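Predicted model only: the values in this text are computed from it and were never measured. Letters A, B, ... are given to chains in the order of the sequence lines, protein chains preceding strands, and every chain is numbered from 1.
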Protein chains: 2
Amino acid sequence: MTTDTRPKDLALTVRLGRTDVVIRGIAKGSGMIHPNMATMLAFIAADASIRAPALRRLVSAGVKDTFNMITVDGDTSTSDMVAVMANGAAGGAPIQANSAEEKKFGAALLDLMRGLAVELARDGEGATKLIEVRVAGARNEADARAAARAVTTSNLVKTAVFGCDANWGRLAAALGNSSAQFDPENVAIKILGVTVMRRGLPVAYDEPTLQSEMKRLDRVVFEVHLGAGQAKAVAWGSDLGYDYIKINADYRT
Amino acid sequence: MTTDTRPKDLALTVRLGRTDVVIRGIAKGSGMIHPNMATMLAFIAADASIRAPALRRLVSAGVKDTFNMITVDGDTSTSDMVAVMANGAAGGAPIQANSAEEKKFGAALLDLMRGLAVELARDGEGATKLIEVRVAGARNEADARAAARAVTTSNLVKTAVFGCDANWGRLAAALGNSSAQFDPENVAIKILGVTVMRRGLPVAYDEPTLQSEMKRLDRVVFEVHLGAGQAKAVAWGSDLGYDYIKINADYRT
């Protein structure tokens, strides 16, 4: 049984020298996607000419910031795959290691992987909204990732998003529940660009307007600054509503 | 706003020498109870005569296996308290350290604390069933606790219980997602006393009967043997159904 509600299919073109290279990918998966991939498949093909070790390096780096930063329900499994193939059919010279072309191709590949990963989270079981958490000011990268993922994994944050509530309290509680180290008095939080917390204290904002915006949009962006350093990370997840329960409790009936 | 649906109030009597001692406790809390107490209050009073250091030792030991082993939604907060008072009004000599009386009083206090903790989990936000996870055969106590808590914290296990599905797969996946170390090929699982997995493999069982039992009962007991050692732990949690979403998404309306 699949619980995906739609295909995830992306393509883009990148110009390398005088050659237009096409990268195209498809992915599936909508539950048990945590903490690193799990219960998802992605197949990406490019007609670029690139050697296997270089491609492998680009894919590994890309997975870390894309497929490994999504979650649906925090549950996990053992089966996953991201396969990337490049056959050189576009012609042109092979992409050289550490060249401008490699950088450009890598950036395009990363864009495509991020696009597919985000679509997986957006189509999470029962989801009505995509949650995007951008953490900055973390002590180090591990902290930034942990903080961002603690927010996307919190049932209370997920139900607040489903209910279109700009609930900074639940968000702050989720950050505090992460392994990230920071001083609560330095934390700033924005919801859809609106500052709701500064230096660890709530800030007055136009709540009805923000709530309407949350209702109107199918993506809610949280920006968190931990005030503890320079590291950043972005995580994506889905909200938690009635349909998640329906899919995961009533599937036998 | 409180989301408790009923009072949690327990009392019991224990005979120490020629004196009947009464222990009585009340507790509140129904969400954000994780990982150690959090968003809960418990007040326990006894008319026993016991010195503060001894009482403190019994309470600390008791909390570890009771209030620190419950969860509702895996979310956390910073506010909690378990206060235990003993005023000696029952009369009799003070309970001596390491005496039979201390042991008896400690066991009674533990029973009462466990009773209150279980009632908190049973009345978790939107809960229809209590989940009790008994882990045995763990390498050490930390592993036993981690394994038991991974099951009570899994959204997929919780929705399966809400849907009355004897889903050993989700249970095994949650164990694998814990920090506990064990060999999957040694794992045995019982649901309501019925063996559903032995040596890591599913066992044929009467599924309709087990499903009816899960529907009939308001408590579902999972017994897990990890086959990795001698350590044990018990954790309690609540299922995840439509009312949890209602309480945590629609509270503004």
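- Of all non-hydrogen atoms in B/Thr159 and A/Ala249, the two that sit nearest each other are O-CB, 3.3 Å.
- In terms of non-hydrogen atom pairs under 4.5 Å with chain B, the most contact-rich of A/Gly241, A/Ala173, A/Gly74, A/Ala174 is A/Gly241.
- The choice from B/Leu240, B/Asn177, B/Leu156, B/Val157 that makes the most heavy-atom pairs within less than 4.5 Å of chain A is B/Leu156.
- Within 6.0 Å of NZ on A/Lys129 lie more than 12 heavy atoms contributed by other residues, nucleotides or ligands.
- Contacts of B/Thr76 with chain A are made by both backbone and side-chain atoms, with heavy-atom separations under 4.5 Å.
- Between the side chains of B/Asn155 and A/Asn155, a donor-acceptor pair is found at a separation under 3.5 Å.
- Proximity to chain B (any heavy atom under 4.5 Å) is shown, for A/Ser77, by neither the backbone nor the side chain.
- Taking B/Lys158, B/Lys246, B/His34 one by one and counting their heavy-atom pairs under 4.5 Å with chain A, the maximum is reached by B/Lys246.
- Atom-to-atom distance recorded for B/Asp243:CG and A/Tyr242:OH is 7.5 Å, nearest 0.5 angstrom.
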